[in-house]
Amino acid sequence: MHTPLKLLGIACAAWLCCSCHRSGQTEENRYSEYEKPDTSSSVQAMKDYHYSAKVKVGNTEYAYDIVREANDTLPSVEGDGNEKYADNYIRLRINRENRQIFNHVFTKNSFKNYVDDKFLSTSILEGMAFDRVTDGTLRFSASVSYPASDIYVPLSITVSPDGCYTISKDEVLDTETDNDSVAHD
């Protein structure tokens with residue numbers, strides 16, 4: 001009976017010695033040249049995004065659907081460190097009382113009249129979200145940005161009840177801070 005326990009002890013000691021020896025190796029040494037992931041030419045992409053919600057304007061109910069997907073048919077953008085980033089398209093669909101009134105695919109070029117050409121050539125269409133109801137219209141915020149940064153151009157898309165839309169550069173950023181929303185004595 002002692003022999004199996006001795007063999008188990010020897011096996012555990014050998015395993016510990018091997019694992020201690022290997023733990024001194026760096027990650028660089030653990031991979032052969034063929035196993036290393038090649039990140040030099042890979043294109044980074046944002047995660048796909050899908051959001052649906054409903055909003056009531058007076059007695060009328062609207063349902064909207066926002067879908068963002070990386071698109072490999074759009075030209076990729078090169079970042080500061082020569083990283084490549086995939087650009088996105090965003091589809092906005094709006095139904096009014098179960099009838100579609102708006103269905104449009106946006107790319108960053110949809111906003112070319114509102115964004116500087118140099119900025120546009122090095123940026124991606126990052127996101128879109130419902131903002132608010134204004135005078136019976138639905139207002140959505142969109143952003144064209146440098147990839148992996150907080151530098152962006154804020155834009156607004158306003159959709160009327162008949163499905164017509166306008167785009168404008170959003171000059172006023174939301175600047176509410178925690179102090180603004182806290183009640184003071």
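Counting begins at 1 with the first residue of the sequence.
- No close placement of the Y64 and F102 rings is indicated, their centers lying 6.0 Å or farther apart.
- Contact annotation: the side chain of L125 approaches that of D87 to within less than 4.5 Å [non-hydrogen atoms, C-beta and beyond].
- The cluster map of Ile, Leu, Val, Met, Phe, Trp and Tyr, joined by side-chain heavy atoms under 4.5 Å apart, puts Y165 and Y62 in the same cluster.
- Other residues, nucleotides and ligands contribute at most 12 non-hydrogen atoms within 6.0 Å of the CG atom of D117.
- In the model, T137 has no side-chain atom that pairs as donor or acceptor with a side-chain atom of D135 under 3.5 Å.
- In this structure the side chain of D48 never reaches within 4.5 angstrom of the side chain of R68, judged on heavy atoms.
- Both I167 and V159 are assigned to one and the same hydrophobic cluster, defined by single-linkage of ILVMFWY side chains at heavy-atom distances under 4.5 Å.
- Each of T166, I157, D170 was compared with R139 under the side chain to side chain contact (heavy atoms under 4.5 Å, CB included) criterion, and only D170 meets it.
- You'll find the ring centres of Y51 and F130 outside the 6.0 Å limit.
- Within the 3.5 Å criterion, the main-chain N or O of I94 finds no donor-acceptor partner in the side chain of D65.
- In the model, T107 has no side-chain atom that pairs as donor or acceptor with a side-chain atom of N109 under 3.5 Å.
- Residues Y114 and V144 have side chains not in contact (no heavy-atom distance under 4.5 Å, counting atoms from C-beta outward).
- Considering only heavy atoms from C-beta on, S145 stays 4.5 Å or farther from S123 through its side chain.
- Using a 4.5 Å cut-off on side-chain heavy atoms (C-beta onward), F140 and D131 make no contact.
- Using bins of under 30°, 30° to 60° and over 60° for the plane-to-plane angle, the ring pair F119/Y146 lands in the tilted bin.
- Using a 4.5 Å cut-off between side-chain heavy atoms of Ile, Leu, Val, Met, Phe, Trp and Tyr, with links allowed through other members, V77 and V115 fall into different hydrophobic clusters.
- Summarising the local packing, CG of N113 is surrounded by more than 12 heavy atoms from other residues, nucleotides or ligands at distances under 6.0 Å.
- Side chain to side chain, Y89 and E69 meet the donor-acceptor criterion of an N or O pair below 3.5 Å.
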